[in-house]
Amino acid sequence: MPVSKPFFTILSHYFSTTTATTTTRVQKLPSLSKIHIKYKSQAIQQAQKALTEYLHTTRSLPFTYAEHIAKNSLFSLSTLIKKIDFSVSTFSRNFTKLLRYHPINEFEFFFESIGIDYSEVPGFLPPNKFFFSEDGTVLNAACALSGFGFPWNMLGKLYREDVLIFSKSSAELTARLSQFKEHGFSNLSVVSLCLAFPHLLSGEGELGGYIEALFDDFKMVLIEFNLGSCVEGNVDACYEVCRKMRVFYDLGCEKGKVGELMSRKKNLFLQCPPEVLVQKADYFSKFGTEKGEVALLLLQSPEILNIDLETPVISVLGFLKHFGLSKGKLESVRQQYPHVLGRNKMANLPHLMRALDLHDCLFKRIMSSHELLATYAISNPIEDMDKEYLNGLERIQSSRTPMHTMNKLNFMHGIGFGENALTIKVLSHLHGSSSELQARFDFLLNRGIKFSKLCKMMRMTPKILSQNPESLEQKVNFLCQDMGSSLQYLDIFPAFLCFDLENRIKPRYRFHVWLTESGLCAKGYSIASLIATSEKSFVTRLYGIHPAVPKRWLECFSFKSY
C-alpha cells in the first residue's frame, strides 16, 4: 500500500540519519593534559594513522579492519600517546617507534573498538594472550560480520549479549546470514534484526518457528507499512524498529502478533525513542502487574509515553483522592500506613502503591483512564509538607556525611516511604550504603515477603536491613526449615532477623527442643518469647524451672542480641 506524502514526511523526520548515527558517532576525546588543546586532534589523528599502519603492515591485519580498530579505540590509544613527550615535528615518528619496540595488547584495542566501554575492557581480555596470531577466532568473526554490513563499533552489542557468536567460524556466520537473506530481507534489515536479537546468530541448523514468527512481524512493520523505503541505508533507524519490537516480546507479547498490534498504533514506532519505550515499560512493570498487562497499556494508550513520570512531586493523600479513593479508605491509609504519608516523587509511584497494597487497584484505574496521571497536580505549594521532615533534611545537610545519608533517604523514598518525620526516624537506624540496603530489601522481597508487609516490618524494626543478605538467608532458612515456622511470623516478630543466629537463636531453640523432649517444658510459648526474653526469664518464666538451676546452664545464655 503506497504511503501518503505527509505520512512519509513524518517517517523521514523520525528515521532520518543524524550527525550522531551509530556508524559515525563522535566519541568524547580522552584527557591528554600534556598536549596543548591546539594539537590534540592532530596528535590523535597521527597516532591512529600509525596504529593502522602497524596493525596492517607489521601484524598483517587487512587494512580496512586495522583502520576500524585504530579509529574506534581512542582511550586505549591515549594510553600510548601519554608515554611520549609531544612535539609537533617528532610525534608521528616517535609514536611509530614506540609501536615497533613496545608491542600492544591487540585484544584491548579490539574490544574497545567494537563498542565495549574502555573501563570494562579488562573483564573481556583473554588470559595470557596479546596478539591475534595467538587466537584469531574473535577477530575473524568480527571481520565476517563487518564484511556483511554490521557497523564495526556496534559489534560489542553482539559480544556482550551472546559471546558464542564470536566462537563461530566465518563460514558458519556467513551461511547463517545468507539463510536470513533468503526470506527477502536486505543486508541492512538482517543486520538490524541480529543487533536487536543476537541469539539469531548463535543458533544452528534450520530456522525454528520462533524465528519465522519474528520475521513475520518484521516484514509487516517494514514492508506492509512501507517503512523500508525510509530507513534503508540507515542502520540506526532500522535497529530502533527492531528494539521496539523486542520490548514487546520481553513483555510477553506473542511472537508473530507484534507487527499486527503495532500496526494499530503507528505513532508508537515513529515518535517514541526505544529508550523511552523501555523506560515506560520498566516503570509500569514496577507495579508488580503481569507483563502482558503492561504491553496492553502501552499499545492501547501510547499517549502515556509522553507523560513525564519522573520529575513531578506528588502528595500521597492528594494523589489517592485524585484517583478516586473514598474518605473511608483515605482514613484507613492514614492509620495503617503512616510511613508513606507526605510527599514523594512520581518516579516512586509504583513502589509507593505497592507499599500501600493498592498497586493492582491503581494500575486498573490507569488502564481505564491513563489521563489521570497527566492531569494530577499538587493543589498548593505547602500541601502535605512536613516540618519535622524538613528539619531532618537540614540536620542531614549539616552532618559529616550528607551525601551518604541522602542516598539512604532516597532509597527509602524509592520503596514508598514518604517525606515525613517517621521516615527520618527509621532512617537513623539504617546502617549500610543505599546499594546494600537495596540488596537486603530485594533479598527479603524475593524470598516471598509481601512488599507492603516488608515496609511495615522496616517501620517496626529498621535494623532488619542492617544484616547482610547471607546472614538474612541463614536466619530465614532456620526459621522456616529448622523451627518449622513460616515467613508470615516475621510480620509480628520482625526482630527475629536482628538476633545473632549462632549465639542466640540456635542455642535457645536447641535447648528448648531438649527441654521439650525431656518433658520439662512447663507451658506453650511463642518464638518471640523463646528468642527475645532475657536469660533468667528464658529459664525460669518460660519453663517453670527453679531459679537455682546449675550455673553452667545460665552461662550458656550469655548471648549478644544484635
Side-chain angles (χ1 to χ4, degrees), residues 1-3 7 11 14-15 148 150 157-158 161-162 164-165 175-232 234-278 280-282 284-285 289-302 304-305 367:
M1 180 180 71
V3 66
F7 187 56
L11 291 173
Y14 287 105
F15 284 151
F148 184 83
F150 285 82
K157 296 180 182 294
L158 299 176
E161 193 154 342
D162 198 336
L164 292 178
I165 295 171
R176 189 72 173 170
L177 292 167
S178 297
Q179 277 186 297
F180 300 155
K181 287 191 66 177
E182 291 173 1
H183 283 70
F185 296 124
S186 65
N187 284 39
L188 180 142
S189 296
V190 173
V191 167
S192 302
L193 275 168
C194 292
L195 286 172
F197 305 96
H199 63 274
L200 292 175
L201 282 171
S202 60
E204 297 179 357
E206 297 298 322
L207 304 182
Y210 163 77
I211 297 177
E212 295 285 356
L214 189 157
F215 285 174
D216 289 342
D217 284 334
F218 191 58
K219 286 177 182 177
M220 181 170 289
V221 172
L222 288 186
I223 298 174
E224 294 194 15
F225 299 144
N226 262 349
L227 296 184
S229 60
C230 302
V231 301
E232 192 65 37
N234 186 341
V235 174
D236 281 348
C238 199
Y239 173 51
E240 281 198 1
V241 171
C242 297
R243 287 177 63 194
K244 292 173 185 177
M245 289 172 52
R246 179 167 176 172
V247 172
F248 287 96
Y249 287 145
D250 291 343
L251 288 173
C253 288
E254 183 180 353
K255 281 72 177 176
K257 300 293 185 181
V258 168
E260 180 184 352
L261 293 170
M262 284 297 196
S263 69
R264 302 170 189 169
K265 301 289 181 179
K266 294 178 182 178
N267 286 340
L268 194 62
F269 272 118
L270 306 178
Q271 298 178 8
C272 178
E275 293 78 11
V276 174
L277 186 60
V278 171
K280 291 297 193 291
D282 288 343
F284 290 107
S285 293
T289 189
E290 294 291 332
K291 289 185 176 181
E293 293 295 307
V294 175
L296 188 60
L297 171 65
L298 297 177
L299 288 167
Q300 288 182 343
S301 308
I304 209 167
L305 297 170
M367 285 282 288

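Because the structure is a prediction, the values reported are computed rather than measured. These numbers come from the heavy atoms of this one structure, side chains and all, not from hydrogens, waters or symmetry mates. For this chain, numbers begin at 1 and follow the sequence in order.
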For the atom pair [atom1] ([X]) and [atom2] ([Y]), what is the distance rounded to the nearest 0.5 Å?
| X | Y | atom1 | atom2 | value |
| --- | --- | --- | --- | --- |
| Leu305 | Leu297 | CG | CG | 8.5 Å |
| Phe248 | Leu277 | CZ | CG | 5.0 Å |
| Ile304 | Leu299 | CD1 | CG | 12.0 Å |
| Met220 | Glu260 | CE | CD | 6.0 Å |
| Ser178 | Asn187 | OG | CG | 9.0 Å |
| Cys253 | Leu296 | SG | CG | 8.5 Å |

Is there side-chain contact between [X] and [Y], with at least one heavy-atom pair below 4.5 Å?
| X | Y | value |
| --- | --- | --- |
| Phe218 | Leu193 | yes |
| Tyr249 | Glu254 | no |
| Val190 | Phe148 | yes |

From CA spacing to verdict: side chain to side chain contact (heavy atoms under 4.5 Å, CB included), Leu251, Phe284: CA-CA 11 Å; Leu251 288 173; Phe284 290 107; over 6 Å; no
Charged N-O contact under 4.0 Å between Glu161 and Arg246: yes
Basic-acidic side-chain contact under 4.0 Å: Glu275, Arg243: yes
Chi angles and distances behind the side chain to side chain contact (heavy atoms under 4.5 Å, CB included) call for Leu201, Asp162: CA-CA 9 Å; Leu201 282 171; Asp162 198 336; over 6 Å; no
Side-chain donor-acceptor pair present, Ser189, Ser186, cut-off under 3.5 Å: yes
Stepwise side chain to side chain contact (heavy atoms under 4.5 Å, CB included) check, Phe150 with Leu177: CA-CA 11 Å; Phe150 285 82; Leu177 292 167; 4.0 Å; yes
Centroid-centroid distance, His199 to Tyr210, less than 6.0 Å: yes
Other residues, nucleotides, ligands: >12 heavy atoms within 6.0 Å of Lys291 NZ: no
Cationic tip of Lys255 above Phe215 ring, under 6.0 Å, 45° of axis: no
Non-hydrogen atoms of Ala281 and Ser285 that approach each other most closely: O-OG, 2.7 Å
Val258 backbone acceptor or donor facing Asp217 side chain under 3.5 Å: yes
Intermediate values then yes/no, side chain to side chain contact (heavy atoms under 4.5 Å, CB included), Cys194 and Ile165: CA-CA 11 Å; Cys194 292; Ile165 295 171; over 6 Å; no
